[in-house]
Amino acid sequence: MNMAIKSEISSETGLTELLTRQRDSYRSQPSPSYEQRVETLKSLKLALLKFRQPLADALNRDYGTRSTDDTLISDIMPCINNINYSLKNLKKWMKPSRRHAGLLLAPAKVKVHYQPVGVVGIIVPWNFPVMLSVGPLITALSAGNHAMLKLSEFTPETNKVIEEMLASIFDTRQVAVVEGEADVAAEFSSLPFDHLLFTGSTTVGHHVMRAASANLTPVTLELGGKSPVVIAPDMPIATAVERMIYGKCLNSGQICVAPDYVLVPKEKQAEFIQAYQAKFSAMYGKVSDNNDYGAIINQRQFDRLLSVLEDAKSKGAKVISANDEVINTAKRKIPTQLVTHVSDDMQLMQDEIFGPLLPIIGYDTLDEAVTYINDRPRPLALYIMSFDEQVQDRILNQTHSGGVCINETVFHVAADDAPFGGIGPSGMGHYHGKEGFLTLSHAKTVLSRGKLNTGKFIHPPYGNPIQKILYKMFIR
């Protein structure tokens, strides 16, 4: 087995032993105080700030080209904001909530206590390895849990820095990092965690959920899918492009919520292409030597994207580069490839693209666009480009997606005070904000009585006068 457990535990000890040690440590203190959790989060924040440049440098090495600014904006800053938000709200989240006992149970008190679930497993993808490891970790620690992180084998340089950063503040009995390839990931997902959080493809999500089900482990799955952009007839095309292009170009489209395809009025397709080319050239120029524009993570993903593109061409698609630049195979740089004349039999339209290819689909009526979306699996994100509130409401109410941006793309993920997650094939559960805290907590109902015991009035033998009065009150 190709496995490296980045901890004081030897690789021979294995994942099961690591989980056992974490669980034993958790049981020794199953409910960390508010003060302890605050101290933990503040330590993690200081470590992130200290290691921000090493993390950015490591990501650049893993990708070949990855903008430091992109890393700061999309990996480091969201984690810092998440910690700040959690620190501000943690005391309120931890406070037991009072519930109404009702006349039948009176006199009694009912409260819901939010208890840590225990040890949380976090499976991290390669596209945002800092945000998608530290982000869920922040939620797990806020809720008082311990955590094991399985990092992607495709980001070895970044993994080293993440390991060093976490080891500088955590004992491995509280937070541990695991590395390894597919066999390790399979073993990791089969461990009897108290909760398992996976970010990745829908295909792998099936395997993770199947493995977790053997232990009845609750899962949160953030998967993805083909997230559409709907440009309504009222929306100026240049404005629509300005609002959506960053979401497509960030990390070269290697984002689970990146715009996957665009629905545009048929008569405006050519205008869309021209506007996209103009804006792309203004932002990036020639991408081969531009460090602001990222590379594809590795040769495997690069070859996959080229294969998808060739498949589309062979089936009648027309491909237009966003800047007329030839794809740089040496540096794995692909400017956005705008694709028209697409059809459902193309691989491009069957699987999540996860890269800088952008199908453009014309429609005659808005109803046609909505039907097109609803005929396909529910996506992780949906983007509406319209200033008409009736159009916005119409699309919102007639479609399903994990989340929505109106006149923007991808930035809803950064909303700390809102849940993030998919629906159906794009995932299940949430792990941002208060909803994330609740996901990784057990809501335990506690009913308590004082010295007066009214429960005895419903004890057998049945048919006494008090029971008859109760039946008349509640059963009518």
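Position 1 is the first residue of the sequence; numbering continues from there.
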Show your working on side chain to side chain contact (heavy atoms under 4.5 Å, CB included) between Cys249 and Thr336 and close with a plain yes or no.
CA-CA 7 Å; Cys249 294; Thr336 309; 3.8 Å; yes
Name the orientation class of the two ring planes belonging to Tyr372 and Tyr261 (parallel below 30°, tilted from 30 to 60°, perpendicular beyond 60°).
perpendicular
With sequence neighbours left out, what residues match Gln254 under side chain to side chain contact (heavy atoms under 4.5 Å, CB included)?
Tyr63, Trp126, Asn251, Ser252, Ile296, Ile297, Phe354
List for me each residue that meets side chain to side chain contact (heavy atoms under 4.5 Å, CB included) alongside Asp388, sequence neighbours excluded, and say none if there are none.
Asp234, Ser386, Gln390, Val391
Testing the basics here: between [X] and [Y], what is the closest heavy-atom pair and its distance to 0.1 Å?
X: Ser201; Y: Leu223; value: O-CD2, 3.6 Å
X: Gln22; Y: Ala147; value: NE2-O, 3.0 Å
X: Met165; Y: Val134; value: CE-CG2, 4.0 Å
X: Leu380; Y: Cys256; value: CD2-SG, 3.7 Å
X: Asn290; Y: Asp292; value: OD1-N, 2.8 Å
X: Ala381; Y: Ser401; value: C-CB, 4.2 Å

Do [X] and [Y] come within less than 4.5 Å of each other through their side chains, counting heavy atoms only?
X: Asp367; Y: Arg394; answer: yes
X: Ile353; Y: Lys226; answer: yes
X: Asn60; Y: Asn291; answer: no
X: Leu358; Y: Phe272; answer: yes
X: Leu438; Y: Trp93; answer: no
X: Asp62; Y: Asn298; answer: no
X: Arg37; Y: Pro116; answer: yes
X: Gln53; Y: Thr68; answer: yes

Tell me, with the steps shown, if Phe198 and Phe188 meet ring-ring contact (aromatic ring centres under 6.0 Å, His included).
CA-CA 11 Å; Phe198 168 78; Phe188 189 92; over 10 Å; no
Spacing of [atom1] belonging to [X] relative to [atom2] belonging to [Y], to within rounding of 0.5 Å:
X: Met346; Y: Lys315; atom1: CE; atom2: NZ; answer: 7.5 Å
X: Leu41; Y: Leu46; atom1: CG; atom2: CG; answer: 11.0 Å
X: Leu357; Y: Leu305; atom1: CG; atom2: CG; answer: 5.0 Å
X: Asn84; Y: Asn89; atom1: CG; atom2: CG; answer: 11.0 Å
X: Ile320; Y: Ile273; atom1: CD1; atom2: CD1; answer: 4.0 Å
X: Ser288; Y: Asn328; atom1: OG; atom2: CG; answer: 4.0 Å

Any donor and acceptor pair, going by atom type alone, linking the side chain of [X] with main-chain N or O of [Y] inside 3.5 Å?
X: Thr65; Y: Ala295; value: no
X: Ser314; Y: Asp311; value: yes
X: Asn323; Y: Phe280; value: no
X: Glu179; Y: Glu153; value: no
X: Asn145; Y: Gly118; value: yes
X: Ser307; Y: Asp303; value: no
X: Lys333; Y: Ile327; value: no
X: Glu325; Y: Val287; value: yes
X: Ser213; Y: Arg210; value: yes
X: Thr217; Y: Phe193; value: yes

No-hydrogen, no-angle side-chain donor-acceptor test under 3.5 Å, Asp345 and Ser343
yes
Do you see a donor-acceptor pair shorter than 3.5 Å between the side chains of His195 and Thr439?
no
Are Leu44 and Leu166 close enough, and set up right, to give a side chain to side chain contact (heavy atoms under 4.5 Å, CB included), and what steps lead you there?
CA-CA 8 Å; Leu44 182 54; Leu166 295 179; 4.0 Å; yes
Taking NZ, NE, NH1 and NH2 as the nitrogens, is one of them in [X] or [Y] under 4.0 Å from a carboxylate oxygen of the other?
X: Arg66; Y: Asp75; value: yes
X: Glu163; Y: Lys160; value: no
X: Asp344; Y: Arg376; value: yes

Kindly check if the number of other-residue, nucleotide or ligand heavy atoms within 6.0 Å of [atom1] ([X]) is above 12?
X: Arg52; atom1: CZ; value: no
X: Lys268; atom1: NZ; value: yes
X: Glu267; atom1: CD; value: yes
X: Lys286; atom1: NZ; value: yes
X: Met209; atom1: CE; value: no
X: Lys434; atom1: NZ; value: no

When Gln269 is tested against each of Ile360, Val262, Ile361 for side chain to side chain contact (heavy atoms under 4.5 Å, CB included), which residue passes?
Ile360
Criterion side chain to side chain contact (heavy atoms under 4.5 Å, CB included) on Glu271 and Val264, from CA distance to verdict:
CA-CA 10 Å; Glu271 184 183 355; Val264 61; over 6 Å; no
Please report the C-alpha distance between Ile395 and Leu382 in whole Å, then the side-chain angles of each, then the deciding distance to 0.1 Å, and finally whether the side chain to side chain contact (heavy atoms under 4.5 Å, CB included) criterion is met.
CA-CA 10 Å; Ile395 299 173; Leu382 186 148; 4.0 Å; yes
